[in-house]
Structure formats: structure tokens, C-alpha cells
Amino acid sequence: LVMNANTAARLNINTLGERVIATLQPEADERRVALMHALDHEVPLAEFDPNQMTQAVLNLVKNALDAVEGEEDARVEIRTGLRDADFFVRVTDNGRGIPEDELKKVFEPYFTTKISGPGLRLAIVSRSVEEPGGRDDVFSQSGQGTAVTLLFPLESRPVRLIGNEPDDMRAYLSLGS
């Protein structure tokens with residue numbers, strides 16, 4: 001799982017987000033989940049492995065879809081944007097949340113709170129993020145939902161024309177408001 005000259009390319013992260021949404025929209029519809037997006041079109045082209053990034057975001061969205069299963073007004077959102085010298089992809093859900101004592105374990109291989117599944121999705125995400133120099137961050141509130149953010153360094157800091165990314169992750173748990 002190494003990014004090299006053969007796999008990395010300068011791409012638009014929003015295009016990847018749109019493809020993930022198109023891929024998972026039928027599953028979201030079947031589960032009666034609103035799959036939304038808020039893509040920041042000021043994010044410049046960035047260098048990343050499109051296959052690994054797609055798999056990472058797919059895994060996050062699939063986990064979010066699982067987390068909102070059975071919830072009334074179930075929502076999952078993919079958001080892209082800029083924060084400091086990084087670009088980010090954030091997947092937010094309004095599911096039951098992750099208990100605080102389990103938050104540090106979510107990226108460990110084989111850790112799962114589900115009845116089925118090996119617990120590898122988030123471990124794969126974490127590895128995909130860390131190898132090219134990125135970071136992952138999880139914020140969750142019990143009964144409110146979870147936001148998982150993948151941050152990757154930009155080559156140079158772009159100039160923002162409109163506002164800055166808020167630091168308060170709680171703002172992202174109230175989707176659509």
C-alpha cells in the first residue's frame with residue numbers, strides 16, 4: 001500500500017466524492033438514507049492515489065450507512081474542504097455515535113461493534129491515509145452521530161476566498177442545518 005509515481009496523480013478530490021456518491025446512492029436509497037454532499041470547489045488539485053482514496057472514502061461511507069441503519073431521518077454526508085495547509089474529506093452520520101471508550105480503538109484491525117464483519121474497514125482507511133502522509137480524526141457524540149475526517153497535506157497553501165473551516169466538529173453533526 002505504497003503511493004508511487006505509477007499510482008499517484010494530481011486529481012480533484014470533489015470528483016472522487018461525486019463518484020463515491022454515485023456508486024453508493026442505490027444502496028443508500030434502498031436503506032432509506034439521505035446521502036448528501038457539501039463539496040468545496042476551491043480545493044485545488046491534489047496528489048493522491050485515486051484507487052486507495054476511493055476505497056478509503058467508500059469504506060467510511062459504508063460504515064456510516066451501517067451506523068444509521070434503523071434511525072429515523074437517517075443521513076450521511078460527504079464533505080470536502082480546506083483546513084490550514086491540508087485538504088480534507090469528512091464523512092458524517094447522524095447515527096447512534098461511538099462510545100468514548102471505543103473511539104481510540106476504531107482504527108485498530110479487527111475491532112468492531114457489529115454482529116457481523118471482520119472490523120477491517122477503518123483499519124484499511126487508516127493505513128491508506130497514513131502512508132501518503134495524511135491523518136485521520138474521529139469526533140463522535142453518543143446519540144448524535146460521528147464525523148470521520150481524513151486530512152492530507154497540500155503542496156502549497158491556497159488562498160481562501162470565502163471564510164475558513166470551523167474548528168468545532170460538532171457543527172458537522174447537525175447535517176442540513
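Note that the coordinates shown come from a computational prediction; the quantities given were computed from them, not determined experimentally.
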Inset, instruction - Would you give the length of the straight line joining atom CG of Asp93 to atom CZ of Arg75, rounded to the nearest 0.5 angstrom? - result: 10.0 Å
Legend entry - Arg19: side-chain hydrogen bond (donor to acceptor under 3.5 Å, both in side chains) partners, not counting sequence neighbours: none
Legend entry - Any residue meeting side-chain hydrogen bond (donor to acceptor under 3.5 Å, both in side chains) with Gln25, in chain and number order, not counting sequence neighbours: Asp29
Legend entry - Point-to-point distance, once rounded to the nearest 0.5 Å, from CD1 of Ile13 to CZ of Phe88: 11.0 Å
Inset, instruction - Answer yes or no: is there a side-chain heavy-atom contact under 4.5 Å between Gln55 and Asn51? - result: no
Legend entry - Reported OG1-to-CG distance for the pair Thr15 and Leu11, which is rounded to 0.5 angstrom: 8.0 Å
Legend entry - Full working for side-chain hydrogen bond (donor to acceptor under 3.5 Å, both in side chains) between Glu18 and Asn14: CA-CA 6 Å; Glu18 290 166 350; Asn14 293 316; over 6 Å; no
Inset, instruction - Decide yes or no for Leu150 and Leu60: does some side-chain heavy atom of the first lie under 4.5 Å from some side-chain heavy atom of the second? - result: yes
Inset, instruction - Kindly indicate whether the side chain of Thr146, heavy atoms from C-beta on, has any atom under 4.5 Å from the side chain of Asn63. - result: no
Inset, instruction - Give the intermediate values and the outcome of side-chain contact (heavy atoms from CB on, under 4.5 Å) for residues Asp49 and Met53. - result: CA-CA 6 Å; Asp49 180 323; Met53 183 72 80; over 6 Å; no
Legend entry - Distance (rounded to the nearest 0.5 Å) between Thr23 OG1 and Lys62 NZ: 9.0 Å
Inset, instruction - Specify the closest pair of heavy atoms between Arg90 and Ala147, including all atoms of both residues, with the distance to one decimal. - result: CD-CB, 4.1 Å
Legend entry - Leu39 to Ile78 - nearest heavy-atom pair and separation: CD2-O, 4.2 Å
Legend entry - Qualifying residues under side chain to side chain contact (heavy atoms under 4.5 Å, CB included), relative to Arg31, sequence neighbours excluded: Glu27, Val33, Leu65, Asp66, Glu69
Inset, instruction - Kindly assign one of parallel, tilted or perpendicular to the pair Phe48 and Phe87, based on the angle between their ring planes and the thresholds 30° and 60°. - result: tilted
Inset, instruction - Before accepting this row, confirm whether a basic side-chain N of the pair Arg135/Asp86 lies closer than 4.0 Å to the acidic partner's carboxylate O. - result: yes
Legend entry - For the student: nearest non-hydrogen atoms of Ala67 and Arg96, plus distance: O-NH1, 2.9 Å
Inset, instruction - May I have the step-by-step check of side-chain contact (heavy atoms from CB on, under 4.5 Å) for Asp136 and Leu151, ending in yes or no? - result: CA-CA 6 Å; Asp136 48 50; Leu151 294 127; over 6 Å; no
Legend entry - Sub-4.5 Å side-chain heavy-atom contact between Thr149 and Val89: no
Legend entry - From CG (Leu24) to CG (Leu58), nearest 0.5 Å: 5.0 Å
Inset, instruction - Over all heavy atoms of both residues, which pair between Ser140 and Ile98 is shortest? Give the atoms and the distance, please. - result: OG-N, 2.7 Å
Legend entry - Exercise: identify the closest heavy-atom pair between Leu154 and Ala46: CD2-CB, 4.3 Å
